[in-house]
Amino acid sequence: MSPEIGTHQLESDTAGDMNFKETELTLALPGESRTLKEMNGGKIGTKRGFLETVDLNLGSLRADCSDKDRNESENDVLTAAKPPAAKAQVVGWPPVRDYRKNAMKSCKYVKVAVDGAPYLRKVNLEMYNSYEQLLSALEDMFSCFTIRNYLNERKMVNGVENVPTYEDKDGDWMMLGDVPWKMFVESCKRLRLMKSSEANGLAPRTPSKCSSTSG
Amino acid sequence: MVSLCSFISYYWEEEKRMNYFPDEVLEHVFDFVTSSRDRNALSQVCKSWYRIESSSRQKVFIGNCYAISPERVIERFPALKSIALKGKPHFADFNLVPHEWGGFVYPWIEAFARNRVGLEELRLKRMVVSDDSLELLSRSFANFKSLVLVSCEGFTTDGLAAIAANCRCLRELDLQENEVEDHRGHWLSCFHDSHTSLVSLNFACLKGDINLGVLERLVARSPNLRSLRLNRAVPFDTLQKILMQSPNLVDLGVGSYVHDPDSETYDKLVTAIEKCKSVRSLSGFLDVAPHCLPAFHSICPNLTSLNLSYAPGIQGGELTKLIRHCRKLQRLWILDCIGDKGLEVVASTCKDLQELRVFPSDPYIGHAAVTEEGLVAISSGCPKLHSILYFCQQMTNAALITVAKNCPNFIRFRLCILDPTKPDAVTQQPLDEGFGAIVHSCRGLRRLSLTGLLTDQVFLYIGMYAEQLEMLSIAFAGDSDKGMQYVLNGCKRLRKLEIRDSPFGNGALLMDVGKYEAMRSLWMSSCEVTLGGCKTLAKKMPRLNVEIMNENEQTDFIFDDAQKVDKMYLYRTLAGQRKDAPDFVWTL
């Protein structure tokens with residue numbers, strides 16, 4: 001292992017990957033050795049600048065061994081709990097026109113999974129203005145299931161009851177209706193219509209929040 | 001056509017003392033030569049060919065609006081009717097060029113108007129187009145027929161209103177991906193009731209509402225309408241009415257496609273679509289509700305072009321079901337949510353595929369849903385593939401080598417790995433060998449964009465093998481000046497070179513300064529070139545404009561020659577230093 005790698009280790013899944021380099025096949029010409037030192041060519045500066053300036057949000061995807069080996073400072077970027085001192089975003093990367101980025105942005109599509117249904121659907125949250133609208137669209141989409149009305153009125157057909165829940169930015173599963181509509185649209189990553197029995201583990205909604213969910 | 005020119009010029013040399021061809025004969029022969037490149041070749045054979053060609057040329061292409069003055073163009077081509085102009089450098093698309101940099105079309109329109117050019121067609125890309133320009137354009141050319149604006153900005157729907165109202169012969173208004181300030185005016189209403197000549201109307205990029213009744217009536221009185229691309233504000237039921245009116249459409253861009261699949265309107269739409277037997281190109285679906293696409297299955301077998309890259313609402317199964325009907329597809333633009341498996345469906349269905357673009361559906365998240373597997377599948381299923389733009393999560397040398405073997409006919413090869421310095425996903429090696437295989441195998445390659453972990457070695461391969469390469473885009477690649485030197489030395493046909501965040505410096509920049517006069521332009525940002533290096537270059541090459549720019553449009557330049565330059569853009573020009581450069585651009 002090249003000396004510059006040092007002993008910095010990430011807290012996450014590094015172990016198995018670190019030895020991979022020793023046994024890998026290389027497609028280089030015979031006689032050439034491509035150690036990391038050569039690849040760096042002594043000019044770490046601008047070429048590796050991308051890693052140093054990347055947003056932490058992208059960092060989770062960078063936790064694979066190739067990047068970990070190369071640069072000490074980059075380890076700091078990935079393990080720091082706060083954003084790096086350098087620019088948070090790399091300008092112009094990925095090379096997608098603003099026009100296209102904006103067109104994608106205004107479509108807040110999230111996957112909808114329904115317990116018991118063998119397929120996934122997607123909805124565009126930007127198309128609705130309130131929980132009511134969203135839930136009624138979901139009922140249309142999954143018409144053979146019932147969705148528990150967020151105002152706590154239960155609709156029961158065929159004895160099946162589904163509770164609308166969502167996964168937020170932090171990865172927590174929440175019940176629909178707790179936060180104002182716009183905040184929900186911002187933070188919702190995906191929806192799941194859970195069977196009531198499974199939803200028991202979620203924090204119950206406090207009745208006092210009903211009135212604040214008019215969106 | 002080029003071989004015809006060589007034959008004629010050979011004959012000319014041999015038979016100097018014989019009777020010449022009369023001008024009219026040559027002019028008639030030249031009429032058959034239409035491409036700009038071939039016309040340029042003709043004009044270089046001899047003086048009289050230059051004269052005849054220049055006086056008869058109607059269509060001109062100017063790749064850099066600052067390379068020549070409008071007056072000079074008018075002087076050389078008095079018969080000018082159709083002109084295409086490009087403004088900002090390509091990297092402006094990715095916010096690397098400061099906003100007020102330039103690329104104004106007004107001086108051109110003003111010069112054409114003043115000199116009474118019989119302008120009929122104007123095509124602009126990456127230019128700043130003001131409402132005043134559009135107003136002047138609309139009033140100055142009685143026979144104006146076609147306006148195509150691609151990735152332009154600076155105008156509002158008021159400018160469009162002027163075009164609609166005053167260009168009585170207008171056949172084509174094609175707005176592609178422009179930033180238009182929408183005043184929600186009545187620009188569509190400005191087409192006169194007697195305006196019946198529309199052939200092509202594309203307003204998909206407009207964000208605001210339009211008067212639907214006006215649109216329906218405009219379509220109804222346009223019997224020659226063959227291309228129609230709607231914006232988001234055009235709902236499903238209007239679409240259905242429009243299609244009933246225009247069964248001869250060849251190119252359709254669906255706006256909003258949100259509807260109830262059980263409605264009567266839906267059934268009417270299915271009927272209308274079945275009548276549109278001429279549709280060959282389909283795009284749009286800017287807003288789309290689930291379960292909507294089966295209505296289009298009847299025209300899919302005829303489609304040669306499909307663009308679903310603005311339709312993130314079309315997912316997985318529906319997408320592949322649609323594609324399975326599209327056996328004649330030649331061009332496909334989609335989002336990466338199709339996945340590697342979806343690309344396998346494309347590979348097994350679309351045997352005539354020539355051009356593929358796969359865009360990231362989540363550019364902010366930085367994660368792509370396709371890998372090298374999708375690319376390999378496409379290459380093995382689609383032997384006619386010649387152009388690809390592929391945003392992916394990862395790549396391997398083995399995959400690129402396989403692709404190179406399967407598809408030796410690539411003309412354009414653009415690969416974008418979302419993590420731009422990512423090595424081979426399996427071996428962790430640089431991707432030098434993979435791209436080397438591409439340039440080695442694809443002898444006709446004209447455009448190349450690279451990403452991934454790349455050393456100087458890949459540039460050695462490019463210099464050695466990419467003989468036809470005209471445009472090269474480099475980001476976060478290379479180790480030393482040698483990389484850039486290999487390219488400048490080896491690629492004899494290079495016209496555009498754009499480089500960002502790579503360790504190339506003065507040594508490479510100054511190696512062969514004469515080369516830049518044989519190229520259109522060079523862009524270098526966040527590289528190692530210094531102010532001193534740029535100054536040296538500018539001094540040696542007076543016919544180049546060497547522009548340097550600071551980040552964030554700051555106007556305080558540092559006057560230290562050893563200081564690295566943020567952004568440098570140089571281009572050959574006959575027009576000298578431009579007079580419209582903003583303060584933060586310094587032409588050396």
[X] versus chain A, the contacting section by heavy-atom distance below 4.5 Å:
{"X": "B/Ser473", "value": "neither"}
{"X": "B/Phe391", "value": "side chain"}
{"X": "B/Asp456", "value": "neither"}
{"X": "B/Ser449", "value": "neither"}
{"X": "B/Ala92", "value": "neither"}
{"X": "B/Glu179", "value": "side chain"}
{"X": "B/Leu335", "value": "side chain"}

Fit a plane to each ring of B/Phe91 and B/Phe94, take the angle between them on a 0 to 90° scale, and name the class: parallel (under 30°), tilted (30 to 60°) or perpendicular (over 60°).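 The rings of B/Phe91 and B/Phe94 sit tilted, inter-plane angle from 30° to 60°.
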Between A/Tyr131 and A/Phe184, what is the ring plane arrangement, given parallel below 30°, perpendicular above 60°, and tilted in between?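 A/Tyr131 vs A/Phe184 ring planes: tilted.
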Looking only at the side chains, is there a donor atom on one of B/Thr396 and B/Asp424 sitting less than 3.5 Å from an acceptor on the other?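 Not at all, the side chains of B/Thr396 and B/Asp424 share no donor-acceptor pair under 3.5 Å.
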For A/Met194 and A/Thr165, the nearest pair of non-hydrogen atoms, with its separation, is CE-OG1, 3.6 Å
Presence of salt bridge, B/Arg232 and B/Asp287, under 4.0 angstrom: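 Yes, this pair counts.
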Could you walk me through whether B/Tyr257 and B/Ile314 pass side chain to side chain contact (heavy atoms under 4.5 Å, CB included), step by step? CA-CA 11 Å; B/Tyr257 197 64; B/Ile314 302 178; over 6 Å; no
